[in-house]
Amino acid sequence: MKTEPKPLEAGETSKRLTPTQGVTRGLSIVDLILRIIAVIGTLGSAVAMGTTNETLPFFTQFVQFSAQYNDLPTFTFFVIANSIVCGYLLVISLPLSIFHIIRRAAINSRIILVIFDTVMLALLTAGASAATAIVYLAHNGNASANWVAICQQFNSFCGRTSGSLIGSFGGVLIFMLLIITSAVAISRC
């Protein structure tokens with residue numbers, strides 16, 4: 001006894017997703033969400049550090065002490081690294097992530113994305129780590145090198161630089177998750 005297939009209703013397709021295709025699509029959606037969060041973290045870190053400055057008056061208003069992010073090359077590198085990673089996420093990564101949701105069997109572009117993600121992870125880690133060393137010195141100083149801590153005087157400057165590190169290290173963590181997610185998605189294809 002052979003039964004006739006039911007006619008398709010409006011909005012249905014005859015092609016059903018297999019369980020592995022559904023998991024791959026789910027991973028692609030998680031990938032897109034993580035990339036959007038990484039854009040927010042890296043952009044916020046670059047803007048917070050790039051707009052950090054504080055001026056303290058000395059005895060008169062003609063003599064002032066100033067602290068800006070571009071006074072230290074490490075902070076400049078931090079802003080540039082976060083900006084490059086944010087640009088990569090916006091220009092290359094997000095469109096490819098949307099493409100992977102639409103077309104699940106795109107293995108070559110996923111491999112390219114993993115390679116670029118790894119390079120961006122290294123760049124972001126380098127920038128955040130270098131800035132962390134300087135922020136640590138600003139908070140604690142170094143007695144053996146005769147470097148005094150400046151955060152007792154420049155509270156706002158130190159608070160903003162410390163806060164910008166949080167978003168950047170959050171981006172590092174998200175990139176680690178993205179690489180793992182992409183590797184799992186490649187193995188499922």
Side-chain angles (χ1 to χ4, degrees), residues 8 10-52 69-70 72-136 161-189:
L8 295 176
E12 285 187 348
T13 62
S14 61
K15 195 175 190 182
R16 303 270 187 228
L17 291 177
T18 64
T20 56
Q21 289 175 331
V23 170
T24 303
R25 177 175 241 168
L27 285 173
S28 296
I29 292 171
V30 168
D31 184 78
L32 178 66
I33 292 168
L34 288 174
R35 289 181 193 283
I36 291 170
I37 294 170
V39 166
I40 293 168
T42 56
L43 180 63
S45 292
V47 169
M49 183 70 80
T51 58
T52 299
Y69 88 97
N70 58 355
L72 298 163
T74 306
F75 287 162
T76 305
F77 173 64
F78 177 84
V79 171
I80 291 170
N82 276 284
S83 300
I84 289 172
V85 171
C86 185
Y88 156 76
L89 286 166
L90 288 172
V91 174
I92 297 171
S93 181
L94 285 177
L96 277 177
S97 186
I98 293 169
F99 174 71
H100 292 150
I101 293 172
I102 297 168
R103 186 162 180 228
R104 291 171 295 277
I107 296 174
N108 291 337
S109 62
R110 286 186 190 271
I111 291 171
I112 291 171
L113 205 56
V114 168
I115 292 169
F116 280 133
D117 284 350
T118 306
V119 170
M120 293 300 135
L121 172 65
L123 179 64
L124 194 59
T125 303
S129 299
T132 300
I134 298 300
V135 169
Y136 176 81
T161 56
S162 298
S164 67
L165 292 175
I166 294 170
S168 190
F169 277 113
V172 168
L173 180 64
I174 289 173
F175 265 101
M176 288 179 192
L177 293 173
L178 283 171
I179 291 169
I180 292 169
T181 304
S182 296
V184 169
I186 289 170
S187 70
R188 297 257 182 196
C189 289

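Computed from a predicted structure; not experimentally measured.
We find the CG-CG distance between L121 and L173 to be 10.0 Å, quoted to the nearest 0.5 Å. To the nearest 0.5 Å, the span separating CG on L113 from OG1 on T118 amounts to 9.5 Å. The structure places NE2 of H100 at 11.5 Å from CG of L32, a figure rounded to the nearest 0.5 Å. Atom OG in S97 sits 8.0 Å away from atom CG in L178 (nearest 0.5 Å). Atom CG of D31 sits about 11.0 Å away from atom CD1 of I179, to the nearest 0.5 Å. Here CG of L89 is found 11.0 Å from CD1 of I40. Values are rounded to the nearest 0.5 Å.
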Determine, step by step, whether F175 and V85 satisfy the side chain to side chain contact (heavy atoms under 4.5 Å, CB included) criterion, reporting the C-alpha distance in whole Å, the side-chain angles of both residues, the deciding distance to 0.1 Å, and the verdict. CA-CA 10 Å; F175 265 101; V85 171; 3.5 Å; yes
Going through the checks in order, is the side-chain hydrogen bond (donor to acceptor under 3.5 Å, both in side chains) test met by S28 and R110? CA-CA 10 Å; S28 296; R110 286 186 190 271; 2.8 Å; yes
Could you walk me through whether F77 and L72 pass the side chain to side chain contact (heavy atoms under 4.5 Å, CB included) check? CA-CA 9 Å; F77 173 64; L72 298 163; over 6 Å; no
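The two residues A46 and N82 make their nearest non-hydrogen contact at CB-CB, 3.9 Å. Of all the heavy atoms in F78 and A131, the pair that sits closest is CD1-CB, 3.6 Å. Between S109 and L96, the shortest heavy-atom distance links the atoms CB-CD2, 4.1 Å. A128 approaches L165 most closely through the heavy-atom pair O-CD2, 3.8 Å. Nearest heavy-atom pair, I174 versus L34, reported as atom, atom and distance to 0.1 Å: CG2-O, 3.3 Å. The two residues L124 and S168 make their nearest non-hydrogen contact at CD1-OG, 3.6 Å.
The shortest distance between side-chain heavy atoms of T132 and F169 falls below 4.5 Å. The closest side-chain heavy-atom distance from T181 to R35 is not below 4.5 Å.
For S164 (side chain) and T161 (main-chain N/O), a donor-acceptor pair under 3.5 Å exists by modelled atom type.
Atom CZ of F99 has more than 12 neighbouring heavy atoms from other residues, nucleotides or ligands inside a 6.0 Å radius.
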